[in-house]
Amino acid sequence: NKGKYEHYMQKEIHEQPESLTTTMRGRLKRGGSTKAKTVLLGGLKDHIKSIRRSRRIVFIGCGTSYNAALAARPIIEELSGVPVTMEIASDLVDRQGPIYREDTAVFVSQSGETADTLLALEYALENGALCVGITNTVGSAIARNTHCGIHINAGCEIGVASTKAYTSQIVVMAMLALAIGDDAISSQARREAIIDGLFDLPNKVREVLKLDQEMKELAKLLIAEQSLLVFGRGYNFATALEGALKVKEVSLMHSEGMLAGEMKHGPLALVDENLPIIVIATRDACFSKQQSVIQQLHARKGRLIVVCSKGDAAAVCPGGSSSCRVIEVPQVEDCLQPVVNIIPLQVCI
Ligand code: BG6
């Protein structure tokens with residue numbers, strides 16, 4: 001039942017505070033007699049040591065699921081110390097790329113049935129890797145054929161363009177990072193800050209969903225355009241790819257997500273006063289680099305729309321509101337920021 005919403009995708013976008021809560025339910029512990037903050041992923045508990053010891057973690061998926069894994073990659077690398085590589089399922093199979101017995105291959109798929117991802121799973125099983133599934137569908141082929149896994153529990157997703165599954169996948173992979181890194185004393189404070197951030201995340205998502213009207217107005221301005229670029233980096237390179245994918249899939253407008261660090265190596269040539277460009281510039285370790293990207297785009301008279309942390313409008317838009325449009329979002333723990341940042345882009349499509 002769509003309730004008050006026009007279509008299922010809109011309903012699923014607005015349901016994210018609840019779907020994220022369900023994803024985390026029973027898995028995060030805070031307080032108790034030891035006051036310890038911990039993560040418990042039942043489906044992985046017998047395999048977590050093997051994952052920790054693996055030579056490499058390979059994320060494999062398609063479309064939005066691939067983008068979710070890309071968003072989680074930095075925190076998995078940081079907390080596990082294990083190198084993480086990314087594979088688009090079809091490309092891994094086309095290349096017959098190297099997969100080893102010492103690898104942990106993580107298959108990310110909302111449906112758990114995507115043909116390319118299943119072929120890649122078959123291939124990784126043949127090559128002897130430990131195969132982990134992250135799906136939203138209990139009993140799906142990926143859930144059945146992997147050695148172990150985590151259900152994202154986001155609830156049934158009817159919209160073909162994935163929205164709530166994307167944010168729940170990121171949260172599950174952040175919890176995976178916490179579980180793998182659980183034995184390291186040196187990162188305990190960081191892990192606890194992330195757990196606190198996870199508890200508060202549904203509220204922050206609720207807050208950013210209030211931008212609905214503002215984003216619809218922005219969408220009206222963009223609807224007649226031919227093309228849209230989205231620049232992000234670090235945790236939010238994935239936000240750029242996923243935002244652009246949603247615009248293509250749903251608004252049927254040409255859109256490209258780009259790594260901001262690559263801007264000067266080609267894409268800058270496209271910038272003029274007509275082409276709209278979204279820049280993701282929320283606060284994290286890459287913030288000053290994004291400020292300098294914005295300055296370079298300004299110098300080319302780029303038509304900018306900047307997604308920034310609350311209170312940062314002046315810091316990202318030195319020329320004031322006449323020179324660019326600013327969308328302010330609540331700041332959260334850096335590795336969870338992609339969950340918040342994708343919401344304005346989802347509601348504007
Ligand atoms: C594509 C859909 O066919 O499959 C994308 O258009 C989706 O929206 C992709 O992200 C992967 O699907 P799944 O179920 O494996 O996450």
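Both counts, for ligands and for their atoms, begin at 1 and track the order of listing. This structure is a prediction, so every number in the text was calculated from the model and none was measured.
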Problem - For Ser109, atoms of ligand 1 separated by under 4.0 Å from a heavy atom - result: 13 (P), 14 (O), 15 (O), 16 (O)
Exercise for the section: Could you tell me whether some N/O pair between Ser111 and ligand 1 is separated by less than 3.5 angstrom? Expected result: yes
Exercise for the section: Taking atom 3 (O) of ligand 1 as the reference point, report whether a protein heavy atom occurs under 4.0 Å from it. Expected result: no
Completion exercise
heavy-atom search around atom 9 (C) of ligand 1 in the protein gives Cys62 O, 3.9 Å
Fill in the blank from the handout: Using a 4.5 Å side-chain heavy-atom cut-off and chaining through intermediate ILVMFWY residues, the residues clustered with Leu221 come out as none
Practice task
Work out whether the distance between some heavy atom of Glu249 and some atom of ligand 1 is less than 4.0 Å.
Solution key: yes
Handout entry: Enumerated ligand 1 atoms positioned under 4.0 Å from heavy atoms of Val160
Key = 8 (O)
Exercise for the section: Please confirm whether Arg73 makes a cation-pi placement over Phe59, using NZ or CZ under 6.0 Å from the six-membered ring centre and within 45° of the ring normal. Expected result: no
Exercise for the section: Look up atom CD in Gln346 and atom CD in Glu242, then write down how far apart they are to the nearest 0.5 Å. Expected result: 7.0 Å
Practice task
Kindly give the cluster partners of Ile277, where membership spreads through any ILVMFWY side chain lying under 4.5 Å from a current member.
Solution key: Leu229, Phe231, Met258, Met263, Leu268, Leu270, Val271, Leu275, Val279, Phe287, Val293, Ile294, Leu297, Leu304, Val306, Val316, Val326
Fill in the blank from the handout: Given the options Asn341, Leu241, Val230, Asn236 meets side chain to side chain contact (heavy atoms under 4.5 Å, CB included) only with Asn341
Handout entry: For Gln110, atoms of ligand 1 separated by under 4.0 Å from a heavy atom
Key = 13 (P), 14 (O), 15 (O), 16 (O)
Problem - Closest protein heavy atom to atom 16 (O) of ligand 1, given as residue, atom name and distance to 0.1 Å - result: Ser65 OG, 2.5 Å
Exercise for the section: Flag the pair Glu18 and Arg206 as a salt bridge only when some basic side-chain nitrogen lies within less than 4.0 angstrom of an acidic carboxylate oxygen. Expected result: yes
Exercise for the section: Could you grab the distance from atom CE of Met86 to atom CD1 of Ile57, nearest 0.5 Å is fine? Expected result: 11.5 Å
Fill in the blank from the handout: One finds that the ligand 1 atoms under 4.0 Å from a non-hydrogen atom of Thr64 are 10 (O)
Exercise for the section: Output yes when the distance from some N or O of ligand 1 to some N or O of Thr114 is under 3.5 Å, and no in every other case. Expected result: yes
